[in-house]
Participant: 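I'd like to ask you about the structure that follows.
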Protein chains: 2
Amino acid sequence: MVQIPKQPAHEPSAPRSAPTSADVARLAGVSRATVSYVLNNADAVRISEPTRRRVREAARELGYVPHAAARSLRAGHSRMVLMPAPSFPAGPLYSRFVAELQWALGRLEYTVVQYGTAGAHGDEAARAWAELRPVAVLAPASDLGPRGVEILKRSGARAVLTLGPEPVDGAHALLTDQEGVGRGATRHLYDRGRRTIGVVVPAERGLDVFSAPRLTGARQAVAGTDATVTELPLAYDEGDAARLAARWRPLGLDAVFAYNDEYAMLLMRALQDEGLDVPGDAAVIGADDLMLGRLLRPRLSTVHLELPAGRDLAALVDRAVHDPGAAPERHKVLGATVLHRESS
Amino acid sequence: MVQIPKQPAHEPSAPRSAPTSADVARLAGVSRATVSYVLNNADAVRISEPTRRRVREAARELGYVPHAAARSLRAGHSRMVLMPAPSFPAGPLYSRFVAELQWALGRLEYTVVQYGTAGAHGDEAARAWAELRPVAVLAPASDLGPRGVEILKRSGARAVLTLGPEPVDGAHALLTDQEGVGRGATRHLYDRGRRTIGVVVPAERGLDVFSAPRLTGARQAVAGTDATVTELPLAYDEGDAARLAARWRPLGLDAVFAYNDEYAMLLMRALQDEGLDVPGDAAVIGADDLMLGRLLRPRLSTVHLELPAGRDLAALVDRAVHDPGAAPERHKVLGATVLHRESS
DNA sequence: TTGAAAGCGGTACCAA
DNA sequence: TTGGTACCGCTTTCAA
């Protein structure tokens with residue numbers, strides 16, 4: 001047992017600085033090289049069992065933790081997959097998706113890091129991410145232009161994937177067909193005989209990335225028909241919903257695609273409070289298939305969205321990392337299925 | 001304009017390796033030191049304007065991005081604040097909290113990183129975090145024991161803060177009084193004349209961190225009275241809710257604190273479908289004050305929760321970082337207010 | 001079986 | 001005003 005100089009009793013936990021592999025080596029009476037071999041279970045070199053024991057013991061004793069930056073600096077690469085942390089309040093769909101992906105990438109020995117990009121935009125954000133030298137980056141297409149992709153690749157990222165409705169030059173694309181969501185919902189309303197269709201567009205910032213293409217999809221669905229689509233801005237609060245409901249009759253609408261289930265619930269309640277019958281006077285459909293929509297009366301029709309399984313996406317990332325030269329792939333990753341319940 | 005060797009046309013974006021400050025220096029015809037001075041706007045040294053220009057131009061030309069690991073290795077510290085990424089599907093409350101905190105810490109020049117700890121537990125997780133040498137760590141108290149705190153501090157973390165009902169030795173504590181939530185909700189039911197009170201405990205994994213103390217608080221609220229508290233396991237799906245509702249009369253309960261608003265909505269709907277009157281046959285109260293609870297009929301009573309403002313918490317982190325020796329502070333950070341609406 | 005030493009990319013001190 | 005250089009912590013040949 002080696003003697004460790006005791007810290008003063010009143011300050012047990014503020015050592016001058018973190019122990020390094022040199023400290024471990026000193027304490028174990030070996031060289032830093034040996035320490036590295038032992039702690040990394042290097043199989044290229046044979047280290048005697050007693051030595052291994054001494055090294056491990058010393059490391060434990062000192063509370064040694066390797067320095068990731070030093071390691072990856074030396075290695076020339078890391079296993080870090082970087083994603084920007086969402087700037088919008090993430091729904092259950094997205095947070096489940098991220099959690100699953102994290103787990104799956106973890107199984108592949110990657111470390112997922114969600115980077116809190118406080119407002120940095122465009123190439124500036126890409127540069128900030130690139131400073132960490134991640135081996136892969138998965139970001140919303142809206143946060144990353146072709147130049148951003150180039151910056152990341154130049155600084156060593158072996159795979160860049162974007163998530164969004166449009167592909168970005170140079171990056172693998174996970175295509176979330178938001179237009180398809182709007183199209184599906186609106187076609188459903190049309191098929192059920194509705195002809196004057198409102199489309200809710202949230203007033204909240206940050207949601208336009210999703211709401212704009214959904215509106216576009218709605219327009220596509222009625223193009224060339226006798227039906228019309230009317231854009232309905234709506235803030236996520238009861239007052240605004242009530243105001244919109246009060247305007248319902250003058251607007252002359254007979255149906256609404258409410259962006260998602262939350263806005264749909266908000267609006268449906270306001271319409272009902274206004275004395276309107278759902279779906280008689282107004283058919284309502286949301287999106288996201290939240291559990292809560294099933295609990296309303298009438299039950300809320302919705303568009304069920306399916307994000308890819310974490311395992312599959314993790315495998316895709318892994319392949320992309322192993323073959324950085326490959327041509328960018330495009331994958332549709334947003335399965336959209338209309339669920340007709342009672343509100344439409 | 002300097003000539004750059006062209007990449008082969010079919011491989012435009014896979015340079016052998018990332019440009020370093022040495023590359024920039026070479027291209028600009030200066031030393032690495034000068035590059036560093038210029039790009040960091042070092043005010044201790046005067047660099048001529050033409051030189052600055054040449055350096056900047058070269059950096060732009062090469063798409064140079066500094067290497068964060070190398071920098072922080074040399075500096076001996078980073079500005080990284082690490083938080084574990086939530087393993088449970090985060091609610092709007094928590095994701096708003098994180099987003100706000102990220103923004104506020106960003107203003108203070110910190111970089112927030114959510115680390116995807118795939119399943120690693122206890123000290124193992126702490127060690128993984130410590131490898132990144134974050135300057136501060138903010139983690140759920142449930143993920144971090146006293147030994148974990150010690151590991152982090154030993155490896156250079158200047159501030160460790162935990163979020164949870166109980167403080168952890170050596171770390172600053174942000175005390176989320178979940179017991180108070182259960183106590184408040186249950187006392188409210190008691191005050192409204194209810195005596196046989198059910199408390200929903202989600203069957204889902206990962207939620208017990210919150211649900212256990214809420215149940216405890218409920219028990220505290222009725223201790224020494226003639227009222228009883230009954231634990232009601234409930235999975236988040238309609239079938240299980242229906243089964244529970246069917247057992248309602250035999251259970252002989254007259255009220256329920258349903259863990260949170262989502263479980264409350266689920267259960268309330270099931271109770272109503274069972275022909276029970278809310279609040280007549282069963283008073284229901286949730287927690288979290290989701291917008292959607294206000295839309296139900298009857299309107300859902302709830303416990304409004306208030307997390308601290310991101311700015312305040314960021315300031316606390318900053319203070320803790322600047323004074324690592326200070327005694328651990330304890331702050332109550334979960335304001336809980338009962339909102340009586342119509343369901344109770 | 002182990003150790004000495006080079007070097008990853010940047011920074012900052014000291015000279016020139 | 002600029003350049004040379006030591007060094008941060010770790011890995012990995014190459015020698016011993």
Participant: What is the distance, to the nearest angstrom, from the CZ atom on B:R54 to the C1' atom on D:dG3?
Facilitator: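 So the CZ-C1' distance, B:R54 to D:dG3, works out to 13 Å.
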Participant: Restricting to salt bridge (charged side-chain N to carboxylate O under 4.0 Å, His left out), what partner residues turn up for B:R56, sequence neighbours left out?
Facilitator: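 Salt bridge (charged side-chain N to carboxylate O under 4.0 Å, His left out) list for B:R56, sorted by chain: empty.
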Participant: Using a strict 4.0 Å threshold on nitrogen-to-oxygen distance, state whether B:E57 and B:R54 make a salt bridge.
Facilitator: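 No.
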Participant: D:dT2 P sits how many Å from B:E49 CD, rounded?
Facilitator: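 Nearest whole value for this atom pair: 10 Å.
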Participant: Between B:S31 and A:H67, just flag the one whose closest nucleotide in DNA chain D comes earlier from the 5' side.
Facilitator: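 Mapping each residue to its closest nucleotide by heavy atoms, the 5'-most match is B:S31.
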Participant: Looking at CG of B:L73 and CZ of A:R71, how far apart are the two atoms once the value is rounded to the nearest 0.5 Å?
Facilitator: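 Here the interatomic distance stands at 13.0 Å.
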Participant: Could you check how far CG of B:L132 sits from P of D:dC10, rounded to whole Å?
Facilitator: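 The distance from CG of B:L132 to P of D:dC10 comes to 13 Å, rounded to the nearest Å.
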Participant: Between atom CD in A:E131 and atom P in C:dG10, what is the gap in whole Å?
Facilitator: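 Going from A:E131 (CD) to C:dG10 (P), I get 10 Å.
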Participant: Counting the atoms with a prime plus P, OP1 and OP2 as sugar-phosphate, which does B:V55 contact under 4.0 Å by heavy atoms, base, sugar-phosphate, or nothing?
Facilitator: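 If one applies the 4.0 Å heavy-atom cut-off, B:V55 turns out to touch nothing in the nucleic acid.
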Participant: Indicate for each nucleotide in nucleotides 11-16 of chain C, in 5' to 3' sequence, whether protein heavy atoms under 4.0 Å reach the base (B), only the sugar-phosphate (S), or nothing (-).
Facilitator: BBB---
Participant: Looking at C:dT2, I'd like to know if its phosphate oxygens (OP1 or OP2) sit under 4.0 Å from a side-chain N or O belonging to A:S48.
Facilitator: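 For C:dT2, OP1/OP2 do have a side-chain N/O of A:S48 under 4.0 Å.
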Participant: What is the distance from CZ of B:R26 to P of C:dG10, rounded to the nearest Å?
Facilitator: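 Atom-to-atom, B:R26 to C:dG10, this comes out as 12 Å.
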Participant: Find the distance A:R53:CZ to C:dT2:C1' and express it as a whole number of Å.
Facilitator: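 Taking CZ of A:R53 and C1' of C:dT2, I get 18 Å after rounding.
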Participant: Ignoring hydrogens and angles, state whether a donor on the side chain of A:T117 or A:W129 is under 3.5 Å from an acceptor on the partner side chain.
Facilitator: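 The criterion, which ignores hydrogens and geometry beyond distance, is satisfied for A:W129 and A:T117.
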Participant: Could you check whether B:T51 gets within reach of a base, just the sugar-phosphate, or nothing at all, counting any heavy atom under 4.0 Å?
Facilitator: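 Counting heavy atoms under 4.0 Å across all strands, the contact made by B:T51 is with sugar-phosphate only.
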Participant: Separation of B:L39 atom CG from C:dG9 atom P, in whole Å?
Facilitator: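 Rounded to whole Å, this separation is 16 Å.
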Participant: Could you tell me how far apart A:R46 (CZ) and D:dT12 (P) are, to the nearest whole angstrom?
Facilitator: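 Answer to the nearest Å: 16 Å.
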Participant: Please determine whether a side-chain nitrogen of the Lys or Arg among A:E100 and A:R311 lies less than 4.0 Å from a carboxylate oxygen of the Asp or Glu.
Facilitator: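 Between A:R311 and A:E100 there is no salt bridge, as every charged N stays at least 4.0 Å from the carboxylate O atoms.
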Participant: Hey, are A:E124 and A:R127 close enough for a salt bridge, meaning a charged N less than 4.0 Å from a carboxylate O?
Facilitator: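 No salt bridge links A:E124 with A:R127.
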Participant: For A:R133 and A:V30, take the nucleotide of DNA chain C holding the closest heavy atom to each; which residue's nucleotide lies nearer the 5' end?
Facilitator: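 Nearest-nucleotide comparison on DNA chain C picks A:V30.
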Participant: Taking all atoms of both residues into account, what is the closest heavy-atom pair of B:D23 and B:R26, and its distance?
Facilitator: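 Nearest heavy atoms, B:D23 then B:R26: OD1-NH2, 2.7 Å.
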